[in-house]
Peer 1: 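Quick one: structure below, then a few questions.
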Amino acid sequence: MAIYLPSTAEEEQITLDELTPREIVAELDKYVIGQKDAKRAVAIALRNRMRRQKLPSDMAEEVIPKNIIMIGPTGVGKTEIARRLAKLANSPFLKVEASKFTEVGYVGRDVESMIRDLVEIAIDNVREEKLEDVSDKAELNAEERLLDILLPPAAPRPSEPTAGFVLEGTTSSGDSQSRTREKLRQQLREGKLDERMVEIEVRERNFPSFEIISNQGVEEMDVNVKDMLPNIFGQRTKKRKMKVNEAFEYLIQEEEQRLIDMDQVTRMAIDRVEDSGIIFLDEIDKIAGRESGHGPDVSREGVQRDILPIVEGTTVNSRYGMVRTDHILFIAAGAFHVSKPSDLIPELQGRFPIRVELQSLTMDDFIRILTEPKSSLVKQYTALLETEGVKLEFTGESLEEVARFAFRVNEGTENIGARRLHTIMERVLDEISFEAPDKKGEQFKVDADYVRHMLADIVKDQDLSRYIL
């Protein structure tokens, strides 16, 4: 089931090296119902990656990842298994549709762009980690800069005593300045100065506009235009008035940028991509099949041949340097309704030695999906309405009824798996969600009769149910 939640403190305490395949499966069970074979396959792949890191470097270089093909209908958990695995491993993760790529000469994106995109994701991840490390120091530095603006250092007057010599019975103006500064610091921390206006220098962001004409998208270009601009036109600044709290946030960001070593971030990101990157190649079935000699099919085998060297292991040029793909784990997925994995070119088949079939969801699976995962739909809707002061309660029979409707509609129309639950739950809770702001303090109990009432008209009209459910 494709539900995504941020990691909790409990998750962050998990040490990856300590996780056995059985424990990895147990972690995935918290978010994805069923699909034991697929979970076992990815758990073994992740454990093998940990094992490889403990090998001597010459042996580790020879151990290549065992890429996986997941076969199954939409909405059964393929993407979520891969996404949760990457999150568990703290690995750079990219989901990309294979159908987006075409061979050179056709409209589409260069296949190497997936590696460049993965590097960008890794850089963002590493940068976020570094920001956490420097956040306290950046805040202190920004505070000092803001205090300098609020209370500029006073130049000593000629009549004042020489620094370090204070006449008996007199008070140094430096001491007075220091006390005033500390009072301002206290007021700043308490938020008493938030609305005061200050003038600070900010970087100019408006550069002259110009067009770049290329047969590739800007994201494919190795030259980072945004990085070039300051060097071409100079880093200009201008004075701008803003409230103290806004100025404080701006100065914190400036300090964070100054404290982070982006060269180190780039090196760490590339290492992380090369050693632990995961690419989820969805809709692989859309490019399966050999050339038919006409129409859009003519590019399918070409796309496969373009993807092949990336999966086999090659070096891709990015604007951050060369990136090796030898040890990136590729997880491909597809419904394979009208094609099968053997329709892929033999060379590409050989690079995906592990095949796992995901099962269609049963009614019992739907009931478990509604209630068991940490981020289940019932928990989500209950929490959302609690923000309005409305207490929402589902009976067991109501959830069985929702699951039954979802299962029947999937059988009667397109099978979109657990995603059908989203549309049905939205329909069931339509009135409650609309009225919630006016029902603060009230409690709603959703039972089987209420579910049947909300869906009755739609279910009777088969044509309407195709559009709405």
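The structure presented is a predicted model; accordingly, all values stated were derived computationally and were not measured.
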Peer 1: Under 6.0 Å from the CZ atom of R51, do we count more than 12 heavy atoms belonging to anything else shown?
Peer 2: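 Atom CZ in R51 is packed in, count exceeds 12.
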Peer 1: Mind checking the CD1-CG spacing from I345 to D343? Nearest 0.5 Å is all I need.
Peer 2: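 One finds 12.0 Å between CD1 of I345 and CG of D343.
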Peer 1: As a test of understanding, state which of R84, R368, K39, R40 forms a salt bridge (charged side-chain N to carboxylate O under 4.0 Å, His left out) with D29.
Peer 2: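 The option that passes is K39.
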Peer 1: Using 30° and 60° as the class boundaries, would you call the ring planes of F366 and F407 parallel, tilted or perpendicular?
Peer 2: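 Taking F407 first and then F366, their aromatic rings stand perpendicular (interplane angle over 60°).
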Peer 1: Any chance the side chains of R420 and N410 put a donor and an acceptor closer than 3.5 Å?
Peer 2: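 Yes - a donor-acceptor pair under 3.5 Å links their side chains.
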Peer 1: Return yes if some donor-acceptor pair links the side-chain N/O of K78 with the main-chain N/O of P73 below 3.5 Å, else return no.
Peer 2: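 Judged by distance alone, yes, a pair lies under 3.5 Å.
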Peer 1: Please set out all donor-acceptor pairs under 3.5 angstrom arising from side-chain atoms of residues 446-454, sequence neighbours excluded.
Peer 2:
| unit_1 | atom_1 | unit_2 | atom_2 | d |
| --- | --- | --- | --- | --- |
| D447 | OD1 | D449 | N | 3.4 |
| D447 | OD1 | Y450 | N | 2.9 |
| D449 | OD1 | R452 | NH2 | 2.6 |
| R452 | NH1 | E401 | OE1 | 3.1 |

Peer 1: Would you confirm whether K379, through its side chain, and P373, through its main-chain N or O, come within 3.5 Å as a donor-acceptor pair?
Peer 2: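 Flag set: sc K379 to bb P373 pair under 3.5 Å.
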Peer 1: Under a 3.5 Å distance rule, please check whether D285 uses its side chain to pair with a backbone N or O of F336 as donor and acceptor.
Peer 2: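 It does hold such a pair.
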Peer 1: Is it true that a side-chain atom of S376 and a backbone atom of L370 form a donor plus acceptor pair closer than 3.5 Å?
Peer 2: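 Yes, the answer is positive, given that a donor and an acceptor are paired below the 3.5 Å cut-off.
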Peer 1: Please check this pair: side chain of S113 against backbone of D110, looking for a donor-acceptor N/O pair closer than 3.5 Å.
Peer 2: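 Between the backbone of D110 and the side chain of S113 there is a qualifying donor-acceptor contact (under 3.5 Å).
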Peer 1: Quick one: does any side-chain atom of Q380 pair with a main-chain N or O of S375 as donor and acceptor, under 3.5 Å?
Peer 2: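 Confirmed, Q380 side chain pairs with S375 backbone.
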Peer 1: Nearest 0.5 Å, what's the CG-CE distance between N317 and M322?
Peer 2: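 Here the rounded value is 4.5 Å.
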Peer 1: Has T315 got a side-chain atom pairing as donor or acceptor with R324's backbone, closer than 3.5 angstrom?
Peer 2: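 Not confirmed, T315 side chain does not pair with R324 backbone.
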Peer 1: Check for a donor-acceptor pair, side chain of K66 on one end and backbone N or O of I64 on the other, with a separation under 3.5 Å.
Peer 2: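 Such a contact is found between K66 side chain and I64 backbone.
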Peer 1: Checking D263 against T266: is there a side-chain donor and acceptor pair closer than 3.5 Å?
Peer 2: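 The criterion, which ignores hydrogens and geometry beyond distance, is not satisfied for D263 and T266.
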Peer 1: Sub-3.5 Å donor-acceptor pair from the side chain of Q304 to the main-chain atoms of L344, do we have one?
Peer 2: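 Not at all, since once roles are kept as given, no pair shorter than 3.5 Å links the two residues.
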Peer 1: Of all heavy-atom pairs between L46 and A89, which one has the smallest distance, and what is that distance?
Peer 2: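 Between these two residues, the closest heavy atoms are CD1-CB, 3.5 Å.
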Peer 1: When you compare the side chain of F352 with that of I68, does any pair of heavy atoms fall below 4.5 Å?
Peer 2: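 A side-chain contact is absent here, since even the closest heavy-atom pair is not under 4.5 Å.
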Peer 1: Any chance you could measure E426, atom CD, to I424, atom CD1, to the nearest 0.5 Å?
Peer 2: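 It is 12.0 Å, given to the nearest 0.5 Å.
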Peer 1: Side chains of L399 and V378: does their closest heavy-atom pair fall under 4.5 Å?
Peer 2: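 Yes, side chains in contact.
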Peer 1: If you look only at pairs with a residue in residues 130-139, which of them pass as a salt bridge (charged side-chain N to carboxylate O under 4.0 Å, His left out), with sequence neighbours excluded?
Peer 2: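 As it turns out, there is no salt bridge (charged side-chain N to carboxylate O under 4.0 Å, His left out) pair with a partner in residues 130-139 once direct neighbours are skipped.
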Peer 1: With distance as the sole criterion, is a donor-acceptor pair present between the side chains of E393 and Q443 under 3.5 Å?
Peer 2: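 Yes, a side-chain donor-acceptor pair sits under 3.5 Å.
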Peer 1: Hydrogens and angles aside, do Y250 and E246 bring a side-chain donor and acceptor to less than 3.5 Å of each other?
Peer 2: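 There is no such pair between these side chains.
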Peer 1: Regarding T20 and R47, do their side chains bring together a donor and an acceptor under 3.5 Å, going by distance alone?
Peer 2: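 Per modelled atom types, T20 and R47 side chains form no pair under 3.5 Å.
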Peer 1: Enter the distance from D117:CG to E112:CD here, rounded to the nearest 0.5 Å.
Peer 2: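 Atom-to-atom, D117:CG and E112:CD are 12.0 Å apart.
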Peer 1: Taking the side chain as everything from C-beta on, heavy atoms only, tell me whether R127 gets closer than 4.5 Å to Q257.
Peer 2: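 Side-chain contact under 4.5 Å: yes.
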Peer 1: Between the main-chain N or O of A60 and the side-chain N or O of R52, is there a donor-acceptor pair closer than 3.5 Å?
Peer 2: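 Looks like yes, one N/O pair under 3.5 Å.
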Peer 1: With side-chain contact (heavy atoms from CB on, under 4.5 Å) as the criterion, how do I81 and L358 come out once you've worked through the C-alpha distance, each side chain's angles and the decisive distance to 0.1 Å?
Peer 2: CA-CA 11 Å; I81 288 172; L358 285 82; 4.2 Å; yes
Peer 1: Among side-chain atoms of E372 and Y31, is any donor-acceptor pair under 3.5 angstrom?
Peer 2: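 There is no such pair (donor and acceptor under 3.5 Å, judged by atom type) between the side chains of E372 and Y31.
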